[in-house]
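Here is the structure we will look at.
Predicted model, so just to flag it, every value in this text is computed and none were measured. Residue numbering restarts at 1 for every chain, and letters A, B, ... go by the order of the sequence lines.
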There are 2 protein chains.
Amino acid sequence: MSREKDITIYDIADKLGVSPSTVSRALKNHASIGSSTRQRIITMANDMGYQANTFASNLRKQKTNTIGIIVHELNSNFITSVLSGIEKIAAQANYDLIIAHSSETSKKEAANASNLFHKRVDGLIASLAFDTDNLAHFKQFRDKNIPVIFFDRVFEEMEGTKVVINNFKAGYDATAHLVDQGCTRIACVTSNLKRNVYSERLRGYRQALQDKGMHYDEKLTIVDGLAEEDAIRSAKKILAMKPLPDGLFITNDFCAAVIMQTLKDAGLHIPADIAIVGFNNDVISKVIDPKLTTINYPGFEMGQVVARNLLNHLRGGWNINHTNTVIIKSELIIRGSSLKKNAGPQ
Amino acid sequence: MSREKDITIYDIADKLGVSPSTVSRALKNHASIGSSTRQRIITMANDMGYQANTFASNLRKQKTNTIGIIVHELNSNFITSVLSGIEKIAAQANYDLIIAHSSETSKKEAANASNLFHKRVDGLIASLAFDTDNLAHFKQFRDKNIPVIFFDRVFEEMEGTKVVINNFKAGYDATAHLVDQGCTRIACVTSNLKRNVYSERLRGYRQALQDKGMHYDEKLTIVDGLAEEDAIRSAKKILAMKPLPDGLFITNDFCAAVIMQTLKDAGLHIPADIAIVGFNNDVISKVIDPKLTTINYPGFEMGQVVARNLLNHLRGGWNINHTNTVIIKSELIIRGSSLKKNAGPQ
DNA sequence: TTTAGCAACGTAACCGATTGCGGCAGAAAA
DNA sequence: TTTTCTGCCGCAATCGGTTACGTTGCTAAA
């Protein structure tokens, strides 16, 4: 039970007959400490197993060297890639990360935001939850001039820095590809249109149809959740369409996988009967049959961009309120699920 | 740039003409503060938007109310379920979480451990990385009597608390099921045998074969990584076996999915030619075709058990060094990929 | 009327690192 | 020899809560 006492700079100072301030300065390579003294201190600190007390330091410096991250979920390949990217850059700059996830609910997102604020993170990175419709819980950061950067799920009209892909173009490309494959009746399965990612992809879909001389039919657009049960429901709606669509643009790979499975169970052939394009290039897209045509969403790169951007703010150079949108490149990856033209009967 | 000053208990004390200690005590419902004074203080604190400074508090209390978690990866359904379970229990007890992931490398695991130690977490929860072969980086916690609990990936012979499933039994059940389905030549694809989960599953596989009167053939066991490229390599090894096996026990769902896909690409039929059983009941098991028979690994429940156990240590009652292994129930979920007996020709 | 006794607060010493300011010795300049 | 720099380092305040201990004023028991 007895937890031994930690070594402090006072212990080191006593042993060496110097003052604590000298130890403090020596340990951070302050210029005004003689090199021999510095060496003795550093050696002694190592010998004694000194570990700086973060709380004392943070308390005094009013700064934590910590970046808070709020994501909508953890269990997607895309998100974990982003986290890796952020981590890489943050580690180089000696920043720590605290990762929180909102489980797609605005309520938990707000709780996480307060918690991270309370923990006094130096900066915040966030991707909005499914049902977030106001940014009040981020206001406290703005008020204290703590930089907040959004990625992926953002509010378009919001001030501040955002890092996104061109969801419009991605939706456009996906749809145009289906048209090029000969599809004439293309349905779109997407999700909460309050989220930029879904509304923009839908906009791209509509624009592509228009440019290709096809008219947009509202009945062919399904807006629902992305979980398994939602996807099954969407699949049933598709099966109930008369006539059946011959192409599907589904704005999420997992959802696309479930829908594809459900359609196959119903006796349909992919892509012969219905061609499918997903979104995200999740690992799942490569292990289903046929493999899923999808949009590559480069999470690792996005994470790095986000982190670098935040660090620039933190170093003080950049104006926090300056609206700055960074667009990451994404592209269509063509696989079997959409190749109608040279596809055999399964 | 100018970040405004935070409200402190001194500010509140001044406004109310009481002492800071009274404010401190009032805000945490200390008994020795009159209820009217307490009310005035709480009201004023809210009005002024007071937020306690965690660092000052932690510094003084020598305690952080934070639990550190090190997992091998984030992008698996199982792990995120465990995290949810931990979070639920921890939140109830007002503990915060810091989640770190080792990306399956012992090196990052050690770095994370040091970092969390340095952050002075009150307790640690960990699942070992793929290649961890010693626990030196956890020693610092033991030395300071900070409880550490391992789950899923553990060292069997290690002291301390562990929360696991019965991997032996799971491997046994999976294999026995394949035998019952009429398989006579069952291969096993597993991973690093230094990790208890894989070695135990393999042991269960061998025992089941023996009990069913079949002999163990070393050539039918493949030990490799679990990433996509590893799985493809394993699939090729399987395809090169002569004669081909008619049953596969693969100790990971994602790996099983990739192998199944590769085998199908090679013209084999599942389960008619080869029956397959996976492990984890990951979402992926339900969206591949045929759906994967697998072992249900109840992550959410496991997370709750782990957290509750840790909290008991933290509350001081339990002896940290007392070896205590908790076994969570798991069971076989039978789906199409292994149903040879009543399976048509795909 | 005295004196315990207690409820309700205040005082001040921490927790450990950081840092502005100042001191002191030896070297260089006058 | 005296003065002025520097280089190197110590003093002490500070960050914001927490808490052991002491101090009030008032009630109830002696």
**Request:** Using a 4.5 Å cut-off on heavy atoms from C-beta on, say whether the side chain of A:Asp152 contacts that of A:Phe78.
**Result:** yes
**Request:** Report which part of the nucleic acid B:Val18 touches: base, sugar-phosphate, or nothing (heavy-atom distance under 4.0 Å, all strands).
**Result:** sugar-phosphate
**Asked** Take atom NZ in A:Lys194; do more than 12 heavy atoms of anything else shown fall under 6.0 Å from it?
**Response** yes
**Message:** In whole Å, I'd like the distance from the NE2 atom of A:His30 to the P atom of C:dC21.
**Reply:** 13 Å
**Message:** Under a 3.5 Å cutoff, is there a donor and acceptor pairing between the side chains of B:Ser19 and B:Ser21?
**Reply:** yes
**Message:** What I'd like to find out is whether the side chain of A:Leu135 reaches to under 4.5 Å of the side chain of A:Leu128, using heavy atoms alone.
**Reply:** yes
**Prompt:** CG of B:Leu16 versus C1' of C:dA8: gap in Å, rounded?
**Reply:** 15 Å
**Asked** In whole angstroms, how far is the P atom of D:dT18 from the CD1 atom of B:Ile12?
**Response** 12 Å
**Request:** Kindly calculate the angle separating the two end axes of the helix from C:dA4-D:dT27 to C:dA30-D:dT1, each obtained from five base pairs, and round it to 10 degrees.
**Result:** 60°
**Request:** Would you indicate, yes or no, if D:dC8 has its OP1 or OP2 atom less than 4.0 angstrom from a side-chain nitrogen or oxygen of A:Thr37?
**Result:** no
**Asked** What do the steps show when you test A:Asp6 against A:Asn53 for side-chain hydrogen bond (donor to acceptor under 3.5 Å, both in side chains), and what is the final call?
**Response** CA-CA 9 Å; A:Asp6 289 318; A:Asn53 185 317; 5.6 Å; no
**Prompt:** With a cut-off of 6.0 Å (strictly less than), are more than 12 heavy atoms of other residues, nucleotides or ligands near NZ of B:Lys15?
**Reply:** no
**Item:** Whole-Å gap separating P (D:dC15) and CG (B:Asp11)
**Value:** 11 Å
**Message:** Quick one, B:Leu83 and B:Glu87 - any side-chain contact, counting heavy atoms below 4.5 Å?
**Reply:** no
**Interatomic distance where CD1 belongs to A:Ile33 and P belongs to D:dG7 [whole Å]** = 13 Å
**Side-chain ion pair, A:Glu104 and A:Arg153, N-O less than 4.0 Å** = yes
**Prompt:** How would nucleotides 14-19 of chain C be written as a contact map, 5' to 3', with B for base contact, S for sugar-phosphate-only contact and - for no contact, using protein heavy atoms under 4.0 Å?
**Reply:** BBBBBB
**Between D:dG17 (P) and B:Asp14 (CG): distance, integer Å** = 12 Å
**Prompt:** Heavy-atom distance under 4.5 Å between the side chains of A:Thr132 and A:Arg195, does that happen here?
**Reply:** yes
**Prompt:** Atom CG of B:Leu27 to atom P of D:dT19: distance rounded to whole Å?
**Reply:** 13 Å
